[in-house]
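Okay, so here's the structure we're looking at.
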2 protein chains.
Amino acid sequence: MGDRRQRQDLGVLLFVANRALEQRAFDAVVAAGITDITLAQARVAARIGPDGTRVSDLAEQARVTKQTAAFLVEQLERAGYVERVPDPTDGRARLVRLTAHAGPVVRAADAEVQRVLAEWAEHVGEERLDQLHEILRDLRDVTDPWR
Amino acid sequence: MGDRRQRQDLGVLLFVANRALEQRAFDAVVAAGITDITLAQARVAARIGPDGTRVSDLAEQARVTKQTAAFLVEQLERAGYVERVPDPTDGRARLVRLTAHAGPVVRAADAEVQRVLAEWAEHVGEERLDQLHEILRDLRDVTDPWR
DNA sequence: CGAGTTAGACAGATTATCTGTCTAATCTGG
DNA sequence: CCAGATTAGACAGATAATCTGTCTAACTCG
């Protein structure tokens, strides 16, 4: 018994962990002197793939509407962090890509994520952090209908 | 090698899992006919304890400012889902409590969370779902400076 | 080719969120 | 027990994020 009740807070735990990581990464970007970007913009930018990603896909992955994603991409474009190029495989679509100007942002964020993960591993052990990763990866089949 | 790169997406995995659970719970509430509540409001409401919780604490737990939390609580109060009573132990504070009117919402959400967790257990196994819970709980020491 | 679908743009409205300031109540050290 | 520091929350104002709805151009498939 108690099992059910205990698990009720899994949502909170997921939220807290996610938010802590996100906040640390964002704070590191700000600490690196980049202040013309917001958290919501960063969330979307973080999902841009190496070869560019469509606005629709960004919207799906960030769980916002196309309109919202398009709005945020527009801000990022205006600030010079991304560019939109025609998708050669689909005349309707445009690929959003990171520009060279985004390099420092990406590096600052990635470095901080590494640091946070190191702290987490320090706290719960490498092995269990790996387990966490694996379980969540498996869970993705159920939690992420899209990809 | 590869280890680092692999783990980079832990943030995404946490996000996806959290969002899936949250969305399912919220959709269930809407499906139960409760449509005068928003996701942001529900997020705050979900953190109200059985004996009431202060706005400041709700703000901390939901990771928003006091002002934002107060605003959302105000909407909830207006819709009759919560009430604010003076905190007997602190003259400055007021406790936000769920009203009887919130009962159906809580039940609908809780029931759906149970269902989702059952699906997750189905997919990755009871044991691993327990592991996930434990690891995240341990991690909370590091990810949740407050509580 | 034609019906249905998809990508994204455009317009308009609402909601969520923040910074800043203020008052009242509480806590703390002398 | 008082003065300064802190905390809870209210109030005001501004901005950012997000949604629903509609439209056009481009793709897909039978």
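The sequence lines fix the lettering, A, B, ..., with proteins before strands; numbering per chain opens at 1.
Atom pair A:Q75:CD and C:dA9:P shows a separation of 13 Å (rounding to whole Å applied). Look at CG on B:L58: it is 18 Å from P on D:dT7, rounded to the nearest Å. We find that CG of B:D87 is positioned 12 Å from C1' of C:dT26, with the value rounded to whole Å. Distance, B:I37 CD1 to C:dA16 C1': 15 Å, rounded to whole Å. Atom CD of B:E74 is separated from atom P of D:dA10 by 9 Å (rounded to the nearest Å). When the C1' atom of C:dA16 is taken as reference, atom CG of B:L76 falls 13 Å away, rounded to whole Å. Atom pair B:R94:CZ and D:dT7:C1' shows a separation of 16 Å (rounding to whole Å applied). Spacing between atom CG of B:L39 and atom C1' of C:dT14 amounts to 15 Å, rounded to whole angstrom units.
With distances taken from any side-chain atom of B:K66 to the nucleotides D:dT22, C:dT17, D:dG9, the minimum falls on D:dG9. Closest to the side chain of B:R92, from the set C:dA16, D:dC27, C:dA24, is C:dA24. Distances were taken from every side-chain heavy atom of A:Q67 (C-beta onward) to each of C:dA7, D:dT7, D:dT22; the shortest belongs to D:dT22. Closest to the side chain of B:R43, from the set C:dA9, C:dT17, D:dG9, is C:dT17. In the set D:dA26, D:dA17, C:dT26, the nucleotide with an atom closest to the side chain of A:A40 is D:dA17. With C:dA16, D:dG9, C:dG8 as the choices, the nucleotide that has an atom nearest any side-chain atom of B:V55 turns out to be D:dG9.
Residue B:R54 places at least one side-chain N or O under 4.0 Å from the OP1 or OP2 atom of D:dA8. OP1 and OP2 of C:dT15 both lie 4.0 Å or more from every side-chain N or O belonging to B:T38. Close to D:dT18, at under 4.0 Å from its OP1 or OP2, lies no side-chain N or O of A:R63. Residue B:T65 places at least one side-chain N or O closer than 4.0 Å to OP1 or OP2 of C:dC18. Note on A:R84: every side-chain N or O is 4.0 Å or more away from OP1 and OP2 of C:dG8.
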For this session: Go through A:R47 and A:D57 one step at a time and tell me if the salt bridge (charged side-chain N to carboxylate O under 4.0 Å, His left out) criterion holds.
Result: CA-CA 9 Å; A:R47 283 156 177 78; A:D57 293 335; over 6 Å; no

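Residues B:D90 and A:T89 each lie close to DNA chain D; by heavy-atom proximity, the contact nearer the 5' end of the strand is made by B:D90.
Nucleic acid contact class of B:S56 (heavy atoms, under 4.0 Å, all strands): sugar-phosphate only. Nucleic acid contact class of B:Q41 (heavy atoms, under 4.0 Å, all strands): sugar-phosphate only.
There is a side-chain donor-acceptor pair under 3.5 Å between A:D141 and B:H123.
Of all non-hydrogen atoms in B:L39 and B:E22, the two that sit nearest each other are CD1-CG, 3.8 Å. Pairing each heavy atom of A:V55 with each of A:K66, the nearest pair is CG1-O, 3.9 Å.
If you chain together hydrophobic residues whose side chains sit under 4.5 Å apart, B:V113 and B:L98 never meet in one group.
Using a 4.0 Å cut-off between charged nitrogen and carboxylate oxygen, B:D138 and A:R128 count as a salt-bridge pair.
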